[in-house]
Amino acid sequence: MPLLDSSKRRRARTRGTTPQAGPDAPVLYWMSRDQRIDDNWALLRACDVAEAHGAPVVIVCNVRATCLGAGARQCGFMLRGLRELERNAAARNVGFALTRGDDPATAIDAFAKKIGSKTIVCDFSPLRDELRWRKEFAALCDARSAHFEECDAHNVVPCWEASDKLEVGARTLRGRLAKRYPEFLREFPEMPTVSAAYRGPAIEEVKWDAVLAEALERGAAVPEVTWAVPGETAARAVLDDFVNNRMRLYEKRNDPSKPRALSGLSPWLHFGQISGQRCALEAKKAVGKASPPAYDAFFEELVVRRELSDNFCYYSPQYDRIEGQKYDWAKDTLREHAADKRPYVYTLEELERAKTHDDLWNASQRELRYGGKMHGFCRMYWAKKILEWTESPEQALEFAIYLNDTYSLDGRDPSGYVGCMWSIVGVHDQGWKEREIFGKIRYMTYESTKKKFSIPDYVARVNALVKAAKSGETSRVANPGLFAIDIAGAKKRKAEAMG
DNA sequence: ATCGGCTCGCGCAA
DNA sequence: TGCGCGAAGCCGAT
């Protein structure tokens, strides 16, 4: 029986009983946030338990009929990624099923009972719906004495291990994370081929074309983008291109006219099609091809700030509301300036259609709407200006989150909520010199961005992107990052690596 | 171009 | 209890 090392045990939180599995009692992995086969601690845990008991492994993913109202852009990306994942699972002798319940806990429980599974592993998310479903599912497991484990496969240091409280900012979490890197920031074990094949009741075949067609039709208002190729293989190709060819540019990351300086990995990271820990490990190996400062800056954003977002959402359940800000200075200052005269007041529709007086803001919104992604620096400026140009901080937050969740491939992510809360409500920030509307919340100006980079260059890049998106071209012009994604090459390298 | 003050809470020394 | 530190910026003084 393979022994679990201590870090693997702490990645999982267990409910009560000990695992029960066998040739006719598969170990079930309820996959939601981490949609990949490689470098997935939750799947590795399921495989460990299964091997110890001679049991098969089955992955189940629940897709609700409404997809939480997500557009074709996000649903298409996810479902196409899952279609690839099903094939990769089969290659490791792992089964795959899709359930379609509006109540995930009930749907997964029914599926587990159907295949005779009494040990279920799931992954972790700090978002409220995800937490509620896992809690409901845990109660269903208790009721039938099934074993349930929750494994943080998304963070380098599991969210509940990194800190047991809401952190004030990056500087307090950074040290706590660093202390745990020797334990957690290690190479992954290879994903094994599971010995026991699933031979229980037949699992319904996924009709991918039909599932995709339905999602694309329902979400047609926000069409798919062509530049981002979904799936684990494409994700790895983007990572390899970044660390080998582009990480050396990372110190230029705050210049939106130079998109190649960014990793561009956020869509794949959001759906868990690549592991953040894998990105960190590969970046470290390639530090010589870039520079220590570039690597440090990338690591800070990839690990520290991303895991800080999980910490915030997990310990601040009102993570998408003004009340989610713990500190009074920020809430008080916004209230004190609530009646200040706004220089412009735009409706949601005017914002959505990028009809403001500001060419930098409009370009940012158009990049989001037509490209499904916004440059990191622009995200800050964009959200700060929504605070400045709407009736109230509450409305600003609502509009910013709506636009991000609707149009961004990485919408509905803790990082997105925290980004909006940082910009508008001062979360993880401190007070600054008091001024109109913003009070002590950090301010950003058009004038100073003009000194930092060429706004016309950025606007021109976005115009090209929008033109390509509207004409349905799959050209590299439509690719905000101009990534040369070498899918065939990535597949070949993977095949070679697997022998 | 560069620097310091702005403002705040935490962490640590005393 | 008090002081140093940071934080993806701004602004005015040098």
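First the proteins, then the strands, lettered A, B, ... as listed; each starts at 1.
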Open item on the list: Between dC10(B) and dG9(C), how far apart are the two P atoms, rounded to whole Å?
Closed with: 23 Å

Open item on the list: Taking 4.0 Å as the cut-off, does a side-chain nitrogen or oxygen of K440(A) come that near to OP1 or OP2 on dC8(B)?
Closed with: yes

TODO: Measure from NZ on K331(A) to C1' on dT7(B) and round the result to the nearest Å.
DONE: 18 Å

Task: Between CZ on residue R306(A) and OG on residue S266(A), distance to nearest 0.5 Å - done: 10.0 Å

TODO: Sequence neighbours left out, what pairs pass salt bridge (charged side-chain N to carboxylate O under 4.0 Å, His left out) with at least one residue falling in residues 261-280 of chain A?
DONE: D39(A)-R278(A), E187(A)-R278(A), R278(A)-E282(A)

Task: Minimum-distance nucleotide (side-chain atoms of W329(A) versus dC10(C), dC8(B), dG11(B)) - done: dC8(B)

Listing, residues 417-428 of chain A side-chain donor-acceptor contacts under 3.5 Å, not counting sequence neighbours, or none:
{"from": "Y417(A)", "atom 1": "OH", "to": "D405(A)", "atom 2": "OD2", "distance (Å)": "3.2"}
{"from": "S423(A)", "atom 1": "OG", "to": "G419(A)", "atom 2": "O", "distance (Å)": "3.0"}

- [ ] Can you tell me, in whole Å, how much space there is between the P of dA7(C) and that of dA1(B)?
- [x] 26 Å

- [ ] Check the distance between dT7(B)'s C1' and R435(A)'s CZ and give it to me in whole angstrom.
- [x] 13 Å

TODO: Could you list all the ring pair (Phe, Tyr, Trp, His ring centres under 6.0 Å) pairs where at least one residue sits in residues 233-258 of chain A, not counting sequence neighbours?
DONE: F242(A)-Y250(A), F242(A)-F298(A), Y250(A)-F298(A)

TODO: Starting from P on dC11(C), measure out to CD on E434(A) and report it in whole angstrom.
DONE: 15 Å

Open item on the list: Tell me which pairs pass side chain to side chain donor-acceptor pair (under 3.5 Å) where either residue lies in residues 388-401 of chain A, with sequence neighbours left out.
Closed with: K385(A)-E388(A)

- [ ] With sequence neighbours excluded, tell me which residues meet side-chain contact (heavy atoms from CB on, under 4.5 Å) with R335(A).
- [x] K331(A), D332(A)

TODO: Scan residues 352-362 of chain A for pairs that pass salt bridge (charged side-chain N to carboxylate O under 4.0 Å, His left out), counting only residues two or more places apart or in two chains.
DONE: E349(A)-R353(A)

Open item on the list: For R180(A), give me all partners under side-chain contact (heavy atoms from CB on, under 4.5 Å), at least two apart in sequence or on another chain.
Closed with: R10(A), V157(A), E161(A), E183(A), F184(A)

Quick test: give all pairs of protein nitrogen or oxygen and nucleotides 3-9 of chain C nitrogen or oxygen below 3.5 Å, distance rounded to 0.1 Å.
{"from": "dG6(C)", "atom 1": "N2", "to": "Q430(A)", "atom 2": "NE2", "distance (Å)": "2.3"}
{"from": "dG6(C)", "atom 1": "N3", "to": "Q430(A)", "atom 2": "NE2", "distance (Å)": "3.0"}
{"from": "dA7(C)", "atom 1": "OP1", "to": "R174(A)", "atom 2": "NH1", "distance (Å)": "3.1"}
{"from": "dA7(C)", "atom 1": "OP1", "to": "R174(A)", "atom 2": "NH2", "distance (Å)": "3.3"}
{"from": "dA7(C)", "atom 1": "N1", "to": "Q430(A)", "atom 2": "NE2", "distance (Å)": "3.4"}
{"from": "dA7(C)", "atom 1": "N3", "to": "Q430(A)", "atom 2": "NE2", "distance (Å)": "2.8"}
{"from": "dA8(C)", "atom 1": "OP1", "to": "R305(A)", "atom 2": "NH1", "distance (Å)": "2.9"}
{"from": "dA8(C)", "atom 1": "N7", "to": "R305(A)", "atom 2": "NE", "distance (Å)": "3.2"}
{"from": "dG9(C)", "atom 1": "O4'", "to": "R442(A)", "atom 2": "NH1", "distance (Å)": "3.1"}
{"from": "dG9(C)", "atom 1": "O3'", "to": "Y443(A)", "atom 2": "O", "distance (Å)": "3.4"}

- [ ] Sequence neighbours left out, what passes side chain to side chain donor-acceptor pair (under 3.5 Å) with R435(A)? Give chain and number order.
- [x] none

Task: Gap between atoms NZ and P, on K451(A) and dA1(B) respectively (whole Å) - done: 11 Å

Task: salt bridge (charged side-chain N to carboxylate O under 4.0 Å, His left out) pairs, two or more places apart, involving residues 422-431 of chain A - done: D429(A)-R442(A)

Task: Base-paired stems in DNA chain B, each at least three Watson-Crick or G-U pairs under 3.5 Å - done: B:1-6 with C:9-14, B:8-13 with C:1-6

Task: Residue-level proximity of residues 310-321 of chain A to DNA chain B when a heavy atom falls under 4.0 Å - done: none

- [ ] Could you give the distance separating dT1(C) and dT7(B) at their P atoms, to the nearest angstrom?
- [x] 24 Å

Task: Other residues, nucleotides, ligands: >12 heavy atoms within 6.0 Å of R174(A) CZ - done: yes

